[in-house]
Amino acid sequence: MKRKIAVAAALAATLLGSAACGSGSDDSGTASANGKVDGTGKTVKVWLMVDAQSSWKDVVDDASKRFTAATGAQVTVEYQQWANHLTKLDATLAGSDVPDVVELGNTEFSKYVFNGGFAEVNKADFENSDSWLTGLSGACELDGEYYCVPYYAGARVMIYRTDLFKAAGIEAAPATYDELLADADKLAAKNSSDAKFAPVYMPGQYWYAAMSFVKSTGGDIAKKDGDKWVGQLSQPASQQGLQRWVDLIKKYSKADVAKDENDQAAVFAQGKSAIFYGNAWEQGSAEQTKKDPNDPNSALVDTKVKGKLAAAPMPEIPSFLGGSNLGVTQKSANKELGAQWIKYFTDSTAMSGLVKAGALPNATALLDKAAADNPAIAPAALAAKNSWFPPNADKWADVEKASVLKTMLTDVLTGKKTVADATAWADEQINATLNES
């Protein structure tokens with residue numbers, strides 16, 4: 001309901017502006033990408049993040065070329081910086097000269113879906129949409145409708161020390177969770193003379209990891225029941241997964257229970273752990289670090305673990321994905337053309353180009369081919385097959401801001417509360433926050 005009210009308000013503002021200017025949107029409804037659209041004489045303005053310019057500009061150019069050949073419309077791509085893109089977008093959407101297509105991080109999209117910033121798209125119009133990655137598409141869906149299209153992803157994986165594994169007699173990365181625990185026991189025994197060593201580095205406020213364990217046993221954070229959100233952390237399946245994570249930390253990790261994961265690659269690089277759970281790119285961050293962390297232009301230097309790391313999916317644990325989605329702005333005067341451009345930029349041809357550049361494609365159906373075509377991303381591609389997204393609720397950001405999950409985890413790990421008491425408290429906080437009118 002809030003989404004419909006927001007869209008109605010945005011549309012009314014657009015129509016008023018159009019009346020004043022004498023012209024307006026030629027397709028103010030759903031941004032359909034189905035069928036041929038005559039775009040002769042029109043230009044679609046696209047905002048992409050700078051990653052596309054630096055890593056796969058050839059894919060952008062090819063998609064635009066194919067789009068122009070099919071529609072007759074031209075394309076202008078403006079590349080944005082992560083540091084200020086949301087501030088710039090908010091200011092731009094408040095005006096009348098808006099981009100037609102915008103890229104946002106998957107966790108950034110929810111706010112704009114709820115406030116009516118993006119137009120509805122027809123999911124069936126887009127290639128591979130029947131197997132879109134849940135960790136991306138979760139931000140796009142609201143009450144059964146879609147307001148953005150998955151673009152590319154990055155997955156969290158198990159990053160491990162190959163030299164320590166070999167020394168402990170471990171020949172390969174674990175394929176099951178039981179094998180992971182057995183390997184951790186071997187690593188602990190082999191390095192028992194080092195009081196500072198721990199098989200696993202897992203900081204206690206790493207809620208993305210904790211909730212991945214919750215998901216692994218069929219649990220959830222919250223679900224919508226009619227018009228209300230209901231916390232699910234106190235349900236047996238959720239408590240089972242959380243207890244699994246707590247047990248792992250208590251037995252195998254010496255990381256600070258009051259810290260999050262933000263500096264985990266740097267801590268792991270000190271050489272006192274054998275495994276950590278991080279974004280695939282954090283392997284590189286652990287192997288090389290800036291000589292001067294305060295200087296953005298500082299040279300990189302090798303760490304103690306340089307050349308000693310490999311990655312694999314964390315066995316039986318769903319991955320929380322990073323990545324981006326694409327949407328057609330509600331105020332766009334070229335909604336159908338915008339959706340058509342996204343259709344070309346997210347089809348299998350474009351996805352193959354992204355894979356070649358080192359990104360994960362937007363659908364599970366493409367992951368096996370991605371792993372074969374670019375072995376460097378194979379661990380992340382396998383991990384992305386099973387992904388998740390937080391509750392796509394209007395006020396979910398308020399739950400994060402209040403550190404509800406982090407507080408719950410710290411309370412359990414410090415012994416302040418049992419898993420049962422902590423999850424019951426968290427559900428109460430989640431219910432109150434998500435259902436606040």
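Just so you know, these numbers come straight off a predicted model, no measurement behind them. Start at 1 with the first residue, then count along the sequence.
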Side-chain donor-acceptor contact under 3.5 Å, [X] with [Y]:
X: Thr303; Y: Gln288; result: no
X: Ser234; Y: Asp427; result: yes
X: Gln232; Y: Ser238; result: no
X: Gln80; Y: Lys88; result: yes
X: Thr134; Y: Trp388; result: no
X: Ser216; Y: Glu316; result: no
X: Glu103; Y: His85; result: no
X: Asp247; Y: Tyr252; result: no
X: Asp292; Y: Ser298; result: no
X: Asn128; Y: Ser348; result: yes
X: Trp82; Y: Asp51; result: yes

Any side-chain heavy atom of [X] sitting closer than 4.5 Å to one from [Y]?
X: Val404; Y: Trp425; result: yes
X: Gln429; Y: Val399; result: no
X: Val121; Y: Phe126; result: yes
X: Tyr277; Y: Val200; result: no

Looking at [X] and [Y], what are the two nearest heavy atoms and their distance?
X: Met202; Y: Ala209; result: SD-CB, 3.7 Å
X: Asn392; Y: Glu141; result: ND2-O, 2.7 Å
X: Arg156; Y: Leu321; result: NH1-C, 4.5 Å
X: Tyr344; Y: Ala70; result: OH-CB, 3.0 Å
X: Gly278; Y: Gln264; result: CA-NE2, 3.5 Å
X: Cys140; Y: Asn325; result: SG-ND2, 3.5 Å

Could you grab the distance from atom [atom1] of [X] to atom [atom2] of [Y], nearest 0.5 Å is fine?
X: Thr423; Y: Ile221; atom1: OG1; atom2: CD1; value: 13.0 Å
X: Lys215; Y: Ser387; atom1: NZ; atom2: OG; value: 10.0 Å
X: Ile275; Y: Leu180; atom1: CD1; atom2: CG; value: 5.5 Å
X: Ile430; Y: Trp229; atom1: CD1; atom2: CH2; value: 10.5 Å
X: Gln53; Y: Gln81; atom1: CD; atom2: CD; value: 8.0 Å
X: Leu360; Y: Leu133; atom1: CG; atom2: CG; value: 7.5 Å

With a 6.0 Å cut-off (strictly less than), is the heavy-atom count around [atom1] of [X], excluding the residue itself, greater than 12?
X: Lys417; atom1: NZ; result: yes
X: Lys306; atom1: NZ; result: yes
X: Lys123; atom1: NZ; result: yes
X: Lys369; atom1: NZ; result: no

Can you confirm if the aromatic rings of [Y] and [X] lie within a centre distance of less than 6.0 Å?
X: Phe320; Y: Tyr208; value: yes
X: Tyr201; Y: Phe268; value: no
X: Tyr79; Y: Trp47; value: no
X: Phe109; Y: Phe118; value: yes

Under 3.5 Å, side chain of [X] to main-chain N/O of [Y], donor-acceptor pair present?
X: Ser55; Y: Ala357; value: no
X: Lys186; Y: Ile170; value: no
X: Ser192; Y: Ala189; value: yes

* Residues forming a side chain to side chain donor-acceptor pair (under 3.5 Å) with Glu400, sequence neighbours excluded ->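 Glu400: side chain to side chain donor-acceptor pair (under 3.5 Å) contacts with Trp396.
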Going by an N to O cut-off under 4.0 Å, is there a salt bridge joining [X] and [Y]?
X: Lys343; Y: Asp125; result: no
X: Lys272; Y: Asp194; result: yes
X: Asp295; Y: Lys291; result: no
X: Asp62; Y: Lys57; result: no
X: Arg66; Y: Asp347; result: yes
X: Lys416; Y: Asp421; result: no
X: Lys224; Y: Asp143; result: yes

* Classify the angle between the aromatic ring planes of Phe213 and Tyr177 as parallel (below 30°), tilted (30 to 60°) or perpendicular (above 60°). =>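 Phe213 vs Tyr177 ring planes: perpendicular.
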* Anything under 30° is parallel, anything over 60° is perpendicular, the rest tilted; go ahead and classify Tyr151 against Trp56. =>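 Rings of Tyr151 and Trp56: perpendicular, over 60°.
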